[in-house]
2 protein chains.
Amino acid sequence: MREPRPTIHDVASRAGVSKSLVSLAMRGSPKVSDASREAILQAAADLGYRPNAAARSLADRRSRTVGVLVLDLHNPVFADILDGIQSEVRAQGYSTMLVTGAADPDREQAELDKLLEFQVEGLILVSHRLSPAALRRFAAEVPTVVVTRDDIHGPRIDTISNDDVAGGALAAEHLISLGHTRIAHLAGGDNPVARNREQGYRDAMTSAGLEDDITVIPGGLTDAAGYASAQRALAGPRPPSAMFVANDIAALGAIAAVQECGQSVPGDVSVVGYDGIALGALRTLSLTTVAQPLERMGTLAAQRLFARIERPRQRAHHVLVESELVVRGSTAAPAIDL
Amino acid sequence: MREPRPTIHDVASRAGVSKSLVSLAMRGSPKVSDASREAILQAAADLGYRPNAAARSLADRRSRTVGVLVLDLHNPVFADILDGIQSEVRAQGYSTMLVTGAADPDREQAELDKLLEFQVEGLILVSHRLSPAALRRFAAEVPTVVVTRDDIHGPRIDTISNDDVAGGALAAEHLISLGHTRIAHLAGGDNPVARNREQGYRDAMTSAGLEDDITVIPGGLTDAAGYASAQRALAGPRPPSAMFVANDIAALGAIAAVQECGQSVPGDVSVVGYDGIALGALRTLSLTTVAQPLERMGTLAAQRLFARIERPRQRAHHVLVESELVVRGSTAAPAIDL
DNA sequence: CACGATTATTGGAACGTTCCAACGGAAAGG
DNA sequence: CCTTTCCGTTGGAACGTTCCAATAATCGTG
């Protein structure tokens, strides 16, 4: 265990060849004779040789690794996006280094600094909380793709996102079309994604002539936040008959609060979420939501990143994916009276 | 962007000192004079210098990195455990490299091989699916801690786990004490954790004189699996009045199936899960469960790993943490008749 | 005021790989 | 039979760090 790992030299001397030939053979070069190849592979296996990635990346000047930052592993949204990223990255023969920022900009920066020290060749940021300046600084050093947000533009910053304004409108329109008027929005806090969804809600309400009914309850993107803001909404003087919640996880919290109030979903209150997490499809929850193509967003992000690694100076791409309303059991027409 | 990164040499010549002194200064050595330190730091900042982790790890012969393998990022259990691991690892000044195996032994091996090429100093395996031989092979190369399982023992393999047999018994006893007799177990598939939970169920049923009522429905550890096996259980000739499901996620699936059958939880069927995921605490779900101290398990794992990195040859520790029954709204006494 | 002790600084070797120019030997061409 | 071409193979330099032994500069101290 503590004894030093075998190196390429050890393999070379055991196989009776030079280190250069071992290097060639390990990478499957066709210029190695069959006899040598076999001897080398055998020697490597005997010794339990593993190439040292640090040395390789140093000599090679490339790490074949991309860094991925995700906001929060507790939200299943990110697991889905990650699936897409990982499969594409692996297909390219690269590895991923995954870090989380816990929604703290300073820690995000620190984690990204670490990734750059590891010489990652590119960065995928899934729902970061960086300042525009910080983001641009990183993007200037290494190809960068931002997933989920497209508010910060820069010469070399690609983005993959859905149209949160349109999605928010979709959610609100659905409730309006069911006949609701007292529709509250449980907002998702101080970040552009949440602000856009709120904007969509406001737009839809206004278009429907319901601008006087616009009610925005501040909140956040966690179940606890959704629970708390739903409670506040219900305690108000004129409780809503429907809620559009900033994301699915918070919507689950909101549903819990409604039920705890002795009211039913969708009988007394309809609830719409946003994201399309797998959990929402369970009959128990049966959450109506605006679903993003999460895994595909991950795949697209990785593809864009490799394209940019290939040609770093190309102009920024901003890919917009389609989100769609998925109507399930958490929404219905309002009760007869108001 | 494509221009080569500044190196320690560039910093040295800009600051008018030798590369060795820069190396010292960057690591905060006290032997550097204030004047030099200031000049060096300034030069490094001017150039945007970042130490190259690959070169450092090569020269230093240590990467200050630990590798973490998790089974599946979709199960929130692992996010909780990871929180514990990450905070402890960071506190030690190390980084983590996180990979997932998608429950496929071959891919797990491949991912671990990659981690070893990166010269990680230790491995934390959270719910792996490796063969004993494969696990021992890795443990022979690098300090290794296994979280969640303790079935494979080896001279240098530490484990952190809860007593799944006892936990399974706890769940079953709870249902028995409520007065249930037709208690089915929705099993978690072919892995030791699930097998132990099943064993606990069997033990408790037998102790209560209910051995003839033992009913085990094969299944898995995902929501879809729980949904499917619950359907099968309910379709049987003598449907259960209570179910103990192998984990929380599958229990959520099971509840969905029950409700879809037109039955209610806990009115018609009580459901107990296992793990203690945060979601289960939501009023909507209100899942009775056997809760493991997940985050603490992560912390303990990291602590054990560092202890073993320090002293590699110490004998294996097997830490057993306490799980506890958390009674919530998904369980109740059975309906009067049978 | 010379002396060893301390302090700050330095160049070179080492880490394990890849790349490259160069090599010897065998096959092919005249 | 001698050149040319090709192929498999090789040693050395390079990658960007850290470590170490050695040096230069500063300091008391007897």
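For the numbers below, each heavy atom of this structure counts, side chains included, while hydrogens, waters and symmetry mates do not. We name chains A, B, ... by the order of the sequence lines, and we start the count at 1 in each one.
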| field | Positions of residues 31-49 of chain B (non-hydrogen atom under 4.0 Å from DNA chain D), listed by number | value |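 Listed by number, they are Y49(B).
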
| request: Residues of residues 17-25 of chain A with any non-hydrogen atom less than 4.0 angstrom from an atom of DNA chain D: list those, numerically ordered, please. | output: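 Contacting residues: V17(A), S18(A), K19(A), S20(A), L21(A).
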
| said: Assess the residue pair R5(A) and E141(B) against the criterion (side chain to side chain contact (heavy atoms under 4.5 Å, CB included)); give the C-alpha distance rounded to whole Å, side-chain angles, the decisive distance to 0.1 Å, and a yes or no. | reply: CA-CA 9 Å; R5(A) 295 262 175 83; E141(B) 282 196 63; 3.7 Å; yes

| query | Start at the 5' end of DNA chain D and walk down; is the nucleotide closest to A59(A) or to G16(A) reached first? | reply |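 The residue mapped nearer the 5' terminus is G16(A).
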
| message | Keeping S29(B) on the side-chain end and R27(B) on the backbone end, is there a donor-acceptor pair under 3.5 Å? | response |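 No; judged by distance alone, with no hydrogens or angles, the pair does not exist.
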
| message | For the CZ atom on R296(A), are there more than 12 heavy atoms of other groups (residues, nucleotides or ligands in this structure) within a distance under 6.0 Å? | response |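 Atom CZ in R296(A) is not crowded, with 12 or fewer foreign heavy atoms closer than 6.0 Å.
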
| task | Answer yes or no: are there more than 12 heavy-atom neighbours, outside E38(A) itself, under 6.0 Å from its atom CD? | result |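 Counting neighbours around CD of E38(A), 12 or fewer heavy atoms of other residues, nucleotides or ligands fall under 6.0 Å, so no.
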
Which pairs would a plain distance check flag for residues 95-105 of chain B, meaning a side-chain donor or acceptor within less than 3.5 Å of a matching protein atom at least two apart in sequence or in another chain?
| residue | atom | partner | partner atom | Å |
| --- | --- | --- | --- | --- |
| T96(B) | OG1 | Q86(B) | OE1 | 3.3 |
| D104(B) | OD1 | D106(B) | N | 2.9 |

| query | Can you pull the contact range of chain B along DNA chain C, 5' to 3', using atoms under 4.0 angstrom from its heavy atoms? | reply |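 From 5' to 3', the first and last contacting nucleotides are dA8(C) to dG16(C).
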
| request: For R62(A), answer base if it contacts any base atom (sugar-phosphate contacts may also be present), sugar-phosphate if it contacts only those atoms, and nothing otherwise; contact means non-hydrogen atoms under 4.0 Å. | output: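 Nothing: the residue R62(A), judged by heavy atoms under 4.0 Å, touches no strand.
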
| Which pairs count as ring-ring contact (aromatic ring centres under 6.0 Å, His included) when at least one residue sits in residues 23-79 of chain A, sequence neighbours excluded? |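 Output for this query is empty, none listed.
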
| said: According to ring-ring contact (aromatic ring centres under 6.0 Å, His included), does anything in residues 108-153 of chain B pair up with another residue at least two apart or in another chain? List the pairs. | reply: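 Counting only pairs at least two positions apart or across chains, the ring-ring contact (aromatic ring centres under 6.0 Å, His included) contacts touching residues 108-153 of chain B are H153(B)-H318(B).
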
| Regarding S33(A) and R37(A), is there a side-chain donor-to-acceptor distance under 3.5 Å anywhere? |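 Looking only at side-chain atoms, R37(A) and S33(A) do not form any donor-acceptor pair under 3.5 Å.
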
| field | Pair Q109(A), D113(A): side-chain N/O donor-acceptor within cut-off below 3.5 Å | value |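 Q109(A) vs D113(A): no donor-acceptor pair found between side chains.
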
